[in-house]
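Whatever order the structure lists them in is the order used to number ligands and atoms, beginning at 1. The chain is numbered in sequence order, starting from 1. Keep in mind that the numbers below use all heavy atoms, side chains included, and drop hydrogens, waters and symmetry copies. Quick caveat: nothing in here was measured; it's all calculated off a predicted structure.
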Amino acid sequence: MADNQRGFSSSIGAILAAAGGAVGLGNVWRFPYMLGNNGGGAFLTIYIVFVILIGIPLMMTEFVIGRRSQSNVVGAYRKLGGRHKGWVSLGILGIVAALLIYAFYSVVAGWTLNYIVLSSSGQTSGLLPHEVATVFKDFSQGSLWPLVYQFIFLALTALVVTMGVQKGIEKVSKVLMPLLFILLLVMCVRSLSLDGAAKGLEFLFKPDFSKMTGKGVLEALGQSFFSLSLGMGAMVTYGSYIRKEDKLLKTSTWIAVCDSMVAILAGIVIFPAVFAFGMDPASGPELVYIVLPNVFNSMPMGNIFAIVFFVLLGIAALTSTISLLEILVAFAVEELHWKRGVASAVSSAVVFAIGAFCALSFGPLKEATIFGKTLFDLFDMLTASYIMPIGALLMTIFLGWFYPKAEVRDEITNGGTLKARLFGAYYFLIRYIAPVALIIIIIYGIIG
Ligand code: PHE
């Protein structure tokens with residue numbers, strides 16, 4: 001993309017587009033199942049601490065790297081790293097992470113399309129809870145439809161990205177993100193009035209730290225990075241589109257607040273229902289797809305709500321897949337000099353070639369495990385629990401120790417024209433606190 005086309009048109013556009021990239025299946029699908037697997041409230045508490053202490057400063061760091069360099073994730077380290085070429089490998093790690101995430105994420109995004117079809121044709125309404133579960137299993141374990149829907153989702157994303165994202169996505173995000181939020185609020189009201197809701201709320205909000213393990217803490221960190229799209233280059237890429245006069249702390253804080261609110265709302269919808277319908281909160285990736293149809297079935301006009309909800313969820317997923325593809329396309333266009341259309345078609349084809357194996361992980365390839373995990377689970381864990389935290393650690397070392405402090409300040413204050421009263425605190429966090437915390441959590445997570 002030529003530099004003159006680079007850029008969001010306004011601060012609010014930048015916030016909404018980046019928040020659109022952040023808010024997605026990570027909030028509504030991944031967050032509840034991670035929390036369910038890790039005992040509930042304690043996970044939420046640690047998650048929020050990570051968002052505030054590491055997530056927001058790290059997002060600023062990525063914005064600084066992107067906006068300073070005006071580049072894709074590989075070009076950013078090539079430019080800012082100067083003669084220290086080794087930093088480019090951090091950019092390449094970002095490209096690899098984008099490929100892996102997109103490969104399994106597009107599977108779940110495809111599931112959303114299936115649920116739009118099912119709910120519009122009334123196929124999930126009036127079913128008993130165990131029948132709802134069977135519908136999901138029959139679909140996800142198949143060897144055709146999960147691939148078809150994944151393909152459609154990849155194609156849809158490629159289409160939008162080829163057309164040029166900024167205007168389309170800025171506009172779409174502005175209308176649809178608030179709508180998703182409102183719908184989640186409506187569903188909260190319903191879920192909270194189910195019999196047994198209190199148990200769900202207790203599970204979500206009452207921390208019991210005795211249930212927390214080292215692995216759980218690492219997963220909470222991984223979830224905060226996954227949800228905020230950190231540690232791999234999505235926010236470096238989007239950061240390069242933010243206007244110089246925008247305040248990066250304000251932008252990052254808004255994105256983190258929106259993102260966390262959506263995750264918590266999703267939790268308030270899902271956990272009361274999990275307990276009301278006698279389900280296991282630790283049922284893994286299918287949790288949301290089995291719980292939500294039950295919530296809709298218990299609501300008046302539930303079917304209409306179901307259609308609207310899955311359409312919005314699909315759109316939330318789309319604004320995220322767009323940001324994933326944009327990382328790859330910006331790289332291919334700027335570094336390899338491919339045309340935008342070719343770049344998005346080729347990247348999507350590569351993702352499909354890898355992602356098809358993830359789509360089949362629930363059925364035909366269920367037994368094909370590596371380290372005891374299916375390819376889907378492996379990519380999910382590898383990216384969120386390892387690549388993103390390690391990528392984040394290297395980014396803080398890059399900006400906190402390698403790149404000159406004066407340059408960082410210059411970027412954040414836009415050459416001294418913006419006030420940045422918290423600069424000292426920010427710099428201290430990324431230079432000392434974040435790297436040390438990341439090293440401890442990564443090691444502690446690996447050993448226990
Ligand atoms: N943050 C997105 C979500 O929560 C997922 C994502 C991760 C998107 C990394 C881009 C990069 O759904």
Side-chain angles (χ1 to χ4, degrees), residues 16-35 47 50-51 55 58-59 62-63 66 72-73 91 93-112 153-154 157 160-161 165 169 173 176-177 180 184 219-239 241 252 255-267 285 288 312-331 347 351 355 379-392 395:
L16 287 168
V23 174
L25 298 168
N27 309 60
V28 181
W29 158 74
R30 198 176 189 278
F31 173 75
Y33 102 71
M34 279 287 145
L35 188 126
Y47 171 83
F50 285 154
V51 168
L58 189 67
M59 192 177 297
E62 293 202 27
F63 284 163
N72 67 88
V73 61
L93 187 70
I95 297 293
V96 172
L99 282 171
L100 297 181
I101 294 175
Y102 198 11
F104 77 85
Y105 197 89
S106 53
V107 176
V108 187
W111 292 353
T112 309
F153 213 98
L154 288 166
T157 309
V160 181
V161 170
V165 205
I169 288 306
S173 308
L176 295 168
M177 286 297 129
L180 177 72
L184 274 173
E219 286 188 348
L221 179 79
Q223 175 58 27
S224 70
F225 287 172
F226 186 87
S227 192
L228 294 171
S229 311
L230 296 176
M232 40 84 77
M235 293 303 179
V236 171
T237 308
Y238 271 23
Y241 304 145
S252 315
I255 296 167
V257 168
C258 292
D259 191 72
S260 304
M261 296 274 280
V262 173
I264 293 171
L265 282 181
V288 168
L312 289 174
L313 187 60
I315 290 162
L318 184 65
T319 51
S320 297
T321 52
I322 284 166
S323 74
L324 282 163
L325 183 57
E326 182 65 18
I327 303 171
L328 303 172
V329 168
F331 161 73
S347 312
V351 171
F379 283 7
D380 180 329
M381 182 202 67
L382 198 66
T383 48
S385 289
Y386 297 97
I387 300 184
M388 293 170 121
I390 291 170
M395 283 179 188

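Looking from atom 7 (C) of ligand 1 to the surrounding protein, the closest heavy atom is Phe226 O, 3.5 Å. Remark: minimum distance from atom 12 (O) of ligand 1 to any protein heavy atom is reached at Tyr105 OH, 2.5 Å. Counting only heavy atoms of the protein, atom 6 (C) of ligand 1 lies nearest to Ser229 OG, 3.6 Å.
For the pairing with Phe225, the side chain to side chain contact (heavy atoms under 4.5 Å, CB included) check across Met388, Met59, Met232 returns one residue only, Met388.
Not a single heavy atom of Trp29 sits under 4.0 Å from any atom of ligand 1. Residue Met232 places a heavy atom under 4.0 Å from ligand 1.
Checking only distances, Ser323 never comes within under 3.5 Å of ligand 1, N or O to N or O. Distances between N or O atoms of Ile327 and those of ligand 1 include no value under 3.5 Å. Residue-to-ligand polar distances keep Leu228 apart from ligand 1: every N/O pair is separated by 3.5 Å or more.
Annotation: side chain of Phe226 is not in contact with side chain of Phe31 (no heavy-atom distance under 4.5 Å). No side-chain heavy atom of Tyr102 sits under 4.5 Å from any side-chain heavy atom of Ser347. By the 4.5 Å heavy-atom criterion applied to side chains, Tyr105 and Leu324 are counted as neighbours. A heavy-atom distance below 4.5 Å is not found between the side chains of Trp29 and Thr112.
The minimum heavy-atom distance linking Asn27 with Ala22 is given by the pair OD1-O, 3.4 Å.
Each of the atoms 2 (C), 12 (O) of ligand 1 lies under 4.0 Å from some heavy atom of Ser320. For ligand 1, the atoms lying closer than 4.0 Å to a non-hydrogen atom of Gly26 are 3 (C), 4 (O), 12 (O). Counting atoms of ligand 1 from 1 in the listed order, those under 4.0 Å from a heavy atom of Gly21 are 1 (N), 2 (C), 8 (C).
Summarising the contacts of atom 2 (C) of ligand 1 with Ala19, Ala316, Ala22, the nearest heavy atom is found in Ala22.
Legend: residues meeting side chain to side chain contact (heavy atoms under 4.5 Å, CB included) with Ile95, ordered by chain and number and at least two apart, are Val73, Val74, Ile327, Leu328, Phe331.
A donor atom on one side chain and an acceptor atom on the other are found under 3.5 Å apart for Ser227 and Asp259.
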